Amino acid sequence: MGAAPGYSRRAVLRRLGTGALAAALSGCALGPGTGSAADSVMPLRAAAKAGRRRYGAAVSSELLGKDAGYRDLIRRECDIIVPEWEMKWYNIQKNPDRYDFSGCDKLAAFASENGMELRGHTLVWHLGLPDWAKTRLKEAQGRDVLHTWMNTLMTRYAGVVRSWDVVNEAVEPTDDRPDGLRESDWLAAFGTRYISDSFKMAAEIAPKAELVYNDYGTEHNARWSRDRRVAILRLLERVKGEGGRIDALGLQSHLRLGDPWDPKAFGEFLREVQDMGIKPIVTEMDVRADRASGDASAIDAKVADLYTSYLETVFANSRCDTVVTWGLTDRYTFQRRRYADDRPLPFDDDLNPKKAAAAVARILRDEG
Ligand code: G3I
């Protein structure tokens, strides 16, 4: 692997410093995105380790199976992988009498083989339900149906999943409920206690697991985002008051250039959450650039700046120790379903690190 002229590997590693030497060497094997770009950015897995944190990305077993370069990149960069969609109830139990764990089993095996953690995403979600369950949950045995789903999944992956998104996206202030909760099949089936009941069930099934409430849209200077911050704080208090345990708040962090990012208000929100004894973690980060102007390099610089500002605000206002991006490379991002040229992730289509990867590596490593 030839380094660019005047850009020797030794020079790079000297800049990285000895501590990171071994880590960098382990990550910089001849693999995806080789060449000067890959050489000059510390692998995110190594950077996180140096900063006593963990970094991960959303994946799918299909893509890991068919793209060797992508698979090697995930191995080099990630401590954690999370199933982008394969662990959702609608995918695992399309019919009440049959489970399909094939995708999740492959991800669990890949994680174990590579010393990684598999994040559990997600048990209770208004968009995660198989159609048959929407009816069954509303019947007398509804609670048993929920318990069977949670118990079956959580016990199957007890050895490889340490952190579960127990409830996902349960607030929606625009539904105009006084409590800010989202109208859903869950609310219709069980009433407002479905949230604390789900956390109690999860704690009973996996007492040592990190139990997470996961949600989005808390980072802006806008009425809708302020209302979400208020509704989420009330939900966290409600669950605590009803005897449920939430260990961490999952900040999805689907950001978009041009949105009214508000680090001050967001920082205050994070401190309020942390003061409740709940640790914020970043669970689905990406930065949409669909409204950005300029060439790819200029857009990547703006994307990297928002990664930097956002993560610096998170680490300055909380004991966050986990950063997960919703994918790793622009080659595979759900954001391109909306805008085909989007560039929201740390690595480009050729699996080379972008400015965002360098920014995330520096922050994971340094902001201790
Ligand atoms: O790849 C399969 C294909 O083989 C199959 O033929 C086809 C038909 O079933 O499905 C394809 O899978 C789709 C998958 O995206 C990959 O494209 C699933 O149907 C589709 O449901 C899945 O959408 C996921 C969506 O959640 C709904 O589960 C997206 O990948 C995923 O990025 C998105 O993630 C959500 C988080 O869970 C919660 N926060 C917001 C985030 C973005 O919406």
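Remember, predicted model here, so these are calculated numbers, not experimental data. All ligand and atom numbering here is 1-based and tracks the order in the structure.
- Looking at atom 24 (C) of ligand 1, its nearest protein heavy atom turns out to be Trp85 CB, 4.0 Å.
- In this structure, the protein non-hydrogen atom closest to atom 23 (O) of ligand 1 is Arg337 NH1, 3.5 Å.
- Counting the atoms of ligand 1 from 1 in the order shown, those under 4.0 Å from a heavy atom of Tyr90 are 20 (C), 21 (O), 22 (C), 27 (C), 28 (O).
- Residue contacts with ligand 1 for Leu127 are absent, since no atom lies close enough (heavy atoms, distance under 4.0 Å).
- Of the N and O atoms on the side chains of Asn168 and Tyr213, not one donor lies less than 3.5 Å from an acceptor on the other residue.
- Contacts between Met87 and ligand 1 below 4.0 angstrom, taking non-hydrogen atoms only, are absent altogether.
- Close contacts of ligand 1 with Glu84, meaning ligand atoms under 4.0 Å from a residue heavy atom, involve 29 (C), 30 (O), 31 (C), 32 (O).
- Classification of Glu268 and Lys264 as a salt-bridged pair holds, one side-chain N sitting under 4.0 Å from a carboxylate O.
- In this structure, atom 40 (C) of ligand 1 lies nearest to the protein heavy atom Glu284 OE1, 3.4 Å.
- Of all the heavy atoms of Tyr216, none lies under 4.0 Å from any atom of ligand 1, so neither backbone nor side chain is involved.
- Distances from atom 42 (C) of ligand 1 to the protein include at least one heavy-atom value under 4.0 Å.
- The residues Arg336 and Asp349 are annotated as salt-bridged, a charged nitrogen and a carboxylate oxygen being separated by less than 4.0 angstrom.
- In this structure, atom 36 (C) of ligand 1 has protein heavy atoms in its sub-4.0 angstrom surroundings.
- There is no protein heavy atom closer than 4.0 angstrom to atom 6 (O) of ligand 1.
- Using a 4.5 Å heavy-atom cutoff, the side chains of Val161 and Glu117 are not in contact.
- At the shortest separation from atom 25 (C) of ligand 1 among protein heavy atoms lies Lys88 NZ, 3.8 Å.
- Remark: ligand 1 atoms within the under-4.0 Å shell around heavy atoms of His121 are 36 (C), 37 (O), 38 (C).
- Residues Asp305 and Lys302 are not paired through a salt bridge, judged by the lack of any N-O separation under 4.0 Å between the basic side chain and the carboxylate.
- Side chains of Arg45 and Cys78 form no contact here, defined as non-hydrogen atoms less than 4.5 Å apart.
- Cation-pi check for Arg331 over Tyr70 is not met; the charged atom does not lie both under 6.0 angstrom from the ring centroid and within 45 degrees of its normal.
- Under a 4.0 Å criterion applied to the non-hydrogen atoms of Glu169, ligand 1 contributes the atoms 38 (C), 39 (N), 40 (C).
- Counted by atom type alone, Ser61 and Glu86 present one or more donor-acceptor pairs between their side chains at under 3.5 Å.
- Distance check on atom 9 (O) of ligand 1: every protein heavy atom falls at or beyond the 4.0 Å cut-off.
- No side-chain N or O of Thr218 forms a donor-acceptor pair with one of Arg228 less than 3.5 Å apart.
- Between Met285 and Leu311, the closest side-chain pair of non-hydrogen atoms falls below 4.5 Å.
- By the definition of a contact as any protein heavy atom under 4.0 Å away, atom 1 (O) of ligand 1 is in contact.
- For atom 19 (O) of ligand 1, no protein heavy-atom neighbour is found at a distance under 4.0 Å.
- Each of the following atoms of ligand 1 lies closer than 4.0 Å to a heavy atom of Glu62: 1 (O), 2 (C), 4 (O).
- For the residue pair Gln93 and Asp100, no side-chain donor N or O sits within less than 3.5 Å of a side-chain acceptor on the partner.
- Counting the atoms of ligand 1 from 1 in the order shown, those under 4.0 Å from a heavy atom of Asn168 are 38 (C).
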